[in-house]
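Written below as structure tokens is the structure these notes are about.
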Amino acid sequence: MGARKTWNLEQVDPWRWKIRRHGAMKTDGLVYATEEMLRAIQEEQALEQVSNVACLPGIVGYSMAMPDIHWGYGFPIGGVAAFSVEEGVVSPGGVGYDINCGVRLMTSHLTLKELGGERIKDLVSALFTNIPSGVGSSRKDMKLKDAELDRVLEQGAAWAVAKGYGDPSDLEKIEEGGCIPWADPSKVSAKARERGRSQLGTLGSGNHFVEVGVVEEVYDPGVAEVFGLHPGGITVFVHTGSRGLGHQVCDDYIRILLKSASKYGIHLPDKQLCCAPVESREGRDYLGAMGAAANFAFANRQMITHWVRETFEQFFGTSAERLGLRLLYDVCHNMAKIEEHTVEGRLRKLCVHRKGATRAFAAGHPAVPPVYRAVGQPVLIPGDMGRYSYVLVGTDRAMAETFGSTCHGAGRVLSRHQAIKSARGRSIAKELEQRGVFVTAAGKATLSEEMPEAYKDVSDVVAVVQGAGISRPVARLKPLGVMKG
DNA sequence: ATGTGC
């Protein structure tokens, strides 16, 4: 990656830092972080990636980085960048390998009392039995035929609901209603289809998880009430994406778009930023395939939600309705979407890339479900498995400044390799149990890779987006039991 | 993230 650069960062306020436009940059970079966080970020060369993104044609506003920024393929993880639809580009590196990786949260009528003692262990074990997880996990009983897979890729979560996974009322509580309408299954390669065919309804590995938790603290009682969050209430997080299908789509289109730079005369400071004009054939094809992979991920989370409900029904011997297991919301954190935003007083059509960043639309926005429109979009921020997670809400400031975007999680501080090294000779499961969190994982190295110290303290990340005003805390959740992939 | 790296 070359010699480490000394960054000329200009502090705007305690939460914002500007990278002044230099070299081939077409706009400034804007990093949301505290001074302390910035030191760690600089060592990772993620800031060079923020500058590189600012060099791409048609960028509108700043090349931004959220406080959970770290190094990624081409674009940093935690990156937000918007491009003009007419003159700008779309880039697979700006979305990431796990297309529509995202999080959903369920609330319930259950309280801590009903999960006391050893019960949480049995519940997590039951989830582990009912939801396929781990690297290469598949469902042998469901190898989708091509026509059926096409419907998944076109309809997303609605396909799953039509098949009996969950309730039609779930759909209104998913970003985009759980369906990217411009998805084009015909742009998804045979190889990607083959990988996805038996993986629908599986969790995957790494930081993907199902987590049973409890509402520990409410910061905004009014909004929490609207979201159905009450202190002591049991919640369930589902974090997963588009599995091998989305990975293959990304791989396929990186290969295709690597040829677009010379064809369209785009200067790339880094080949990993390969991209094509939004309105070119290659650009439209990628968006179509990406939308299809996103719909696969929506269907995936919907199916897993159904099995979570079934597991709770078996475990507590009563219906999911009586348990009140209702979907609060489902957010995407690896996506590029065509959205309209007001820029310098003018309404513009933009291709907004959020890679490891969450949409955080404010109250009143038509894309916020009617039930939440008066308060704003729920923003789901999982932390590491030992500490806590947050629910935030979108703000007007986010609309004005970040194209309605905020952070997506804690962000790594140790690489997977470093984490494994530092976990050697320890039992991460035992350490977590001492902190009151029961964990189980499909992969042998997963618990080491995912141990709490491998991540920033998510409360520090949330403090930055709160301080900057681009989202507002509603509640903090504590994990009780986690099933990892 | 990933049928996980050359």
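Note that the structure is a prediction, hence the values are computed from the model and not measured. Convention: sequence-line order gives letters A, B, ...; per-chain numbering from 1.
The separation between Tyr97(A) atom OH and dT2(B) atom P is 13 Å, rounded to whole Å. dT2(B) atom C1' lies 9 Å from atom CD of Gln199(A), rounded to whole Å. With rounding to whole Å, Lys191(A) atom NZ is found 16 Å from dT2(B) atom P. Distance Asn300(A) CG to dT2(B) P: 10 Å, rounded to the nearest Å. Following rounding to the nearest Å, Lys484(A) (NZ) and dT2(B) (P) show an atom-to-atom distance of 11 Å. Atom-to-atom, CG of Asp251(A) to C1' of dT2(B) comes out at 9 Å; the value is rounded to the nearest Å. Residue Glu194(A) contributes atom CD, which lies 17 Å from atom C1' of dT2(B) at whole-angstrom precision. Distance, Leu203(A) CG to dT2(B) P: 9 Å, rounded to whole Å.
Ring centroid separation for the pair His333(A) and His239(A) comes in under the 6.0 Å cut-off.
Residue Gly244(A) is in sugar-phosphate contact alone, with no base atom involved, counting any heavy-atom pair closer than 4.0 Å across all strands shown. Nucleic acid contact class of Glu449(A) (heavy atoms, under 4.0 Å, all strands): none.
The residue from Val439(A), Asp384(A), Val210(A) that alone fulfils the side-chain contact (heavy atoms from CB on, under 4.5 Å) condition with Val482(A) is Val439(A).
Take Phe227(A) and apply the ring pair (Phe, Tyr, Trp, His ring centres under 6.0 Å) test, not counting sequence neighbours, and it matches Tyr372(A).
Without hydrogens or angle criteria, Ser125(A) side chain to Lys121(A) main chain gives a donor-acceptor distance under 3.5 Å.
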